[in-house]
Amino acid sequence: MSEKKLLRSNNKIIAGVCGGLADYFDIDATLMRVIVVLAAVFTGFFPITVAYVILIIHHT
């Protein structure tokens with residue numbers, strides 16, 4: 001049984017976070033980017049921005 005790991009992807013637009021999340025959940029990276037943008041719009045940008053920065057720092 002292979003263990004999934006949440007890693008940043010080489011499919012990068014901004015730091016590879018959305019690409020890594022897309023790889024982890026086995027969905028298209030473009031769809032993940034749309035989900036992140038919509039989540040940012042509907043939450044007022046701040047929570048998603050903080051989470052995104054934490055994910056960038058977590059794997060540097």
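Just so you know, residue 1 is the first one in the sequence shown, and it goes up from there. Basis for what follows: all heavy atoms, side chains included, without hydrogens, waters or symmetry-related copies.
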Donor-acceptor list for residues 29-52 side chains, cut-off 3.5 Å, not counting sequence neighbours:
unit_1	atom_1	unit_2	atom_2	d
R33	NH2	N11	O	3.1
R33	NH2	N11	OD1	3.4
T43	OG1	A39	O	2.7
T49	OG1	F45	O	2.6
Y52	OH	I14	O	2.6

### Task
Working to the nearest 0.5 Å, report the span between CZ of R8 and CG of L55.
9.5 Å
### Message
Return the CD1 to SG distance between I27 and C18, rounded to the nearest 0.5 Å.
### Response
9.5 Å
### Task
Quick one: list whatever passes side-chain contact (heavy atoms from CB on, under 4.5 Å) with K4, sequence neighbours left out.
Y24, D26
#### Entry: Heavy-atom pair with the smallest gap, counting every atom of G20 and L6
O-CD1, 4.0 Å
